[in-house]
Amino acid sequence: MSRDMSGAAPGKKTTDVHGVAALLRTLLAEGQDEQVIELVVGLLSQLVEKNTELELRLRKEMRQRFGRQSEKLSAEQLSLFLEQLGQENAGAQEAAAPEARDAGVAAGSTPPSKPSHEESRKKERKGHGRRPLPSSLPREQRVHQPPPEALRCEACGRDKTCCGEERSETLEWVPGHFKVIEEVRPKYACRPCGDGLVVAPPADRVIEGGLPGPGLVAHILVSKFKDHLPLHRLSGMYARHGVQLRTSTLSDWVAAGADTLQPLAREVARRALDSHVLQSDDTHLKVLDREHPNGLKRGHMWVYLGDTTWAAFVYTPDWKEEGPLSFLDKREGWLLVDGYKGYDKLFTRQGATALEVGCWSHARRYFVEALDAGDTRAALPLSLIGRLFEVEREADEQQVDEAERLRRRDTLSRAVTEHLGRWVAEVYNREPPKSPLARACRYAINQWKSLTRFMEDARLPLHNNASELRLREIAVGRKNYLFAGSDAGAERAACVYTLVATCVLAGVEPWAYLADVLEKLAQGWPQRRLDELLPPMWKAARAAAAQMPSTSSAAT
């Protein structure tokens, strides 16, 4: 009798409990005990596999909603998991460290030992106490004199002399306020002739014929795209200051400000694309769409981070590969991305000029999920990946040059990756294909060439965390303003996010920057000098201008 041994008779699902029971009774009655055992084992395997998958999804949802977001595991946690694996696996984990140390000795030096937990705590505690307030803050001095009768000596009757003072500081907040600038243009004419009337041209405005000044437009943009305030809240704040501005009016001003800034955003994107190391990632964004059945569609915001200096945001109305491919079509050199299939054509097409670099944080994430699912074997690859991060962390702390960093990667990190590669290959060959650990190994195997590329160039980071950090601005913003009003609105948001994020990377205060460049652009700043208004160059010019008075006085 031919039957489907995957768990049921032909045409029946494994969820049909009564059908499965009838099949088992039939097989037992026919004396096919072995087939019964195989059938039950197959059903149990399916249930275990499905249960493991559902449990993993539940753990991920619970951690995202209630747990910590960091995927880092302490050395103590990993050691406990490794103890559960037994001495054999623990020995394998220990084998990676001697290999790395021996390689370091062969090269002529070894990295300094990692400070103990207690030493780290002492280092963190060093320099406790209240931090001094910035000297740049305006100060108001209030002198508190003792009562007049206390200023006369009770013993001799003479007036007391000031012999010192006690000082303390109070940090106060003065709310921002509106002001009205009256543009006065006197008219002149020749009285005897009654002719030749002259008047100055109107002042340049960010919005031609509009009400707001550059500082107000900058405040609206920073409030929405840096401080994540929806425009209706901002309208309420302005109303408390006595100025009634509708949300629709603020929205129009956001559009006008973003349109003015578009040339600068395009220049940032161009420089990001020409960077030595380009990193990319994306996140979703809800966008209003009348043609969509739900009235909302899922757009995507992409960040392209060049040399951790230029952060270009680009909006696409969907998640299709055409989005990143259109921006990265002419990319030459390193491109650090995750395993999203939409990037593949950049690296596999004929004449490809982009070189794929993998992210170890993404690879680690799959092993963390396997560990969360209860598979303690994932502790070993996590400990080895942790060693790779430790090598980079020590190099950062010691501020080594590129040659030394590359030497450490070759002598220390290479031995760790080779050990990890062997372990991943061995486990994957004997692991059920749908288990969490198999998925983690599969991702590492598929990305292995790109994951080990960091050993070819000292400027390549180990992970793509920097671009993910930039995307957090989008994630926090969409929790507040919920959605973009249209594709055009999302594109304008990408423009402002580009300049605000690049300001943050350059250490520039976004409001001061936007207020200044909006005014300059409104006044007709020449396009050939547009690069002078980019955040890093703008900061350098301001610093140079601030030094000029002191330099000239010193020369005098």
Side-chain angles (χ1 to χ4, degrees), residues 133-142 169-187 199-262 264 288 473-474 476-486 488-490 492-493 495-497 499-501 503-504 508-523 525 538 542:
L133 297 175
S135 59
S136 58
L137 294 179
R139 278 168 163 73
E140 173 186 331
Q141 190 177 82
R142 299 179 181 179
E169 292 182 329
T170 300
L171 186 61
E172 183 59 287
W173 166 252
V174 180
H177 60 277
F178 288 99
K179 69 177 180 180
V180 177
I181 299 176
E182 294 185 357
E183 307 285 357
V184 180
R185 296 186 293 145
K187 298 180 180 180
V199 62
D204 296 308
R205 293 176 180 265
V206 176
I207 303 173
E208 188 174 353
L211 183 64
L216 178 55
V217 176
H219 184 261
I220 297 170
L221 294 177
V222 172
S223 297
K224 180 174 174 64
F225 298 107
K226 178 59 182 171
D227 300 327
H228 320 296
L229 285 176
L231 294 181
H232 73 274
R233 294 187 198 169
L234 198 58
S235 175
M237 292 172 56
Y238 290 161
R240 293 196 295 273
H241 287 272
V243 179
Q244 301 290 337
L245 295 172
R246 294 182 178 180
T247 302
S248 59
T249 300
L250 299 181
S251 180
D252 291 341
W253 293 354
V254 167
D259 291 343
T260 303
L261 296 169
Q262 280 290 354
L264 288 174
L288 289 180
E473 298 285 344
I474 310 291
V476 176
R478 69 185 177 216
K479 290 182 179 179
N480 289 276
Y481 54 72
L482 301 180
F483 51 79
S486 63
R492 292 187 178 106
C495 166
V496 183
Y497 275 127
L499 295 175
V500 169
C503 279
V504 172
V508 170
E509 202 285 304
W511 177 85
Y513 169 78
L514 291 178
D516 185 63
V517 300
L518 281 170
E519 183 175 15
K520 285 183 168 63
L521 291 171
Q523 293 172 350
W525 186 269
W538 182 89
R542 298 271 285 204

Tyr497 and Glu473 have their tightest heavy-atom pair at OH-O, 4.0 Å
Nearest heavy atoms of Ala512 and Trp538, plus distance in Å:
O-CZ2, 3.8 Å
N/O donor-acceptor pair under 3.5 Å between Arg185 side chain and Val199 backbone:
no
So how far is it from Arg542 CZ to Glu509 CD, rounded to the nearest 0.5 Å?
10.0 Å
Dump the intermediate steps for side chain to side chain contact (heavy atoms under 4.5 Å, CB included) on Met237 and Leu229, then the final yes or no.
CA-CA 10 Å; Met237 292 172 56; Leu229 285 176; 3.8 Å; yes
Intermediate values then yes/no, side chain to side chain contact (heavy atoms under 4.5 Å, CB included), Leu499 and Phe225:
CA-CA 10 Å; Leu499 295 175; Phe225 298 107; over 6 Å; no
Atom NE2 in His228, atom OG in Ser223: separation rounded to 0.5 Å?
11.0 Å
How would you list, by chain and number, every residue that makes a side-chain hydrogen bond (donor to acceptor under 3.5 Å, both in side chains) with Asp259, sequence neighbours excluded?
Arg492
Can you see which heavy atom on Lys479 is nearest to which on Leu482, and at what distance?
O-CD2, 3.8 Å
What's the separation between atom CG in Leu216 and atom CG in Leu250, rounded to the nearest 0.5 Å?
8.0 Å
Distance col, row Tyr238:OH vs His219:NE2, nearest 0.5 angstrom, shows 4.5 Å
Quick check against the 3.5 Å criterion: does Arg139 have a side-chain atom that pairs as donor or acceptor with the backbone of Leu137?
yes
Where Ala218 and Ala515 come nearest, the two heavy atoms and their spacing:
CB-N, 3.5 Å
Just do the side chain to side chain contact (heavy atoms under 4.5 Å, CB included) check on Thr260 and Ile207 with the steps written out, would you?
CA-CA 9 Å; Thr260 303; Ile207 303 173; over 6 Å; no
Those residues that, when tested against Trp511, pass side-chain hydrogen bond (donor to acceptor under 3.5 Å, both in side chains) (two or more places apart)
none
Just by distance, do the side chain of Ser235 and the backbone of Leu245 share a donor-acceptor pair under 3.5 Å?
yes
For the CG atom of Leu518 and the CG atom of Leu261, what is their distance to the nearest 0.5 Å?
4.5 Å
When rounded to the nearest 0.5 Å, the distance separating CG of Leu521 from CD of Gln262 is 11.5 Å
How close do Cys503 and Tyr513 get, heavy atom to heavy atom, and via which atoms?
SG-CD2, 3.3 Å
What one should report as the nearest heavy-atom pair of Gly210 and Arg205 is O-NH1, 2.9 Å
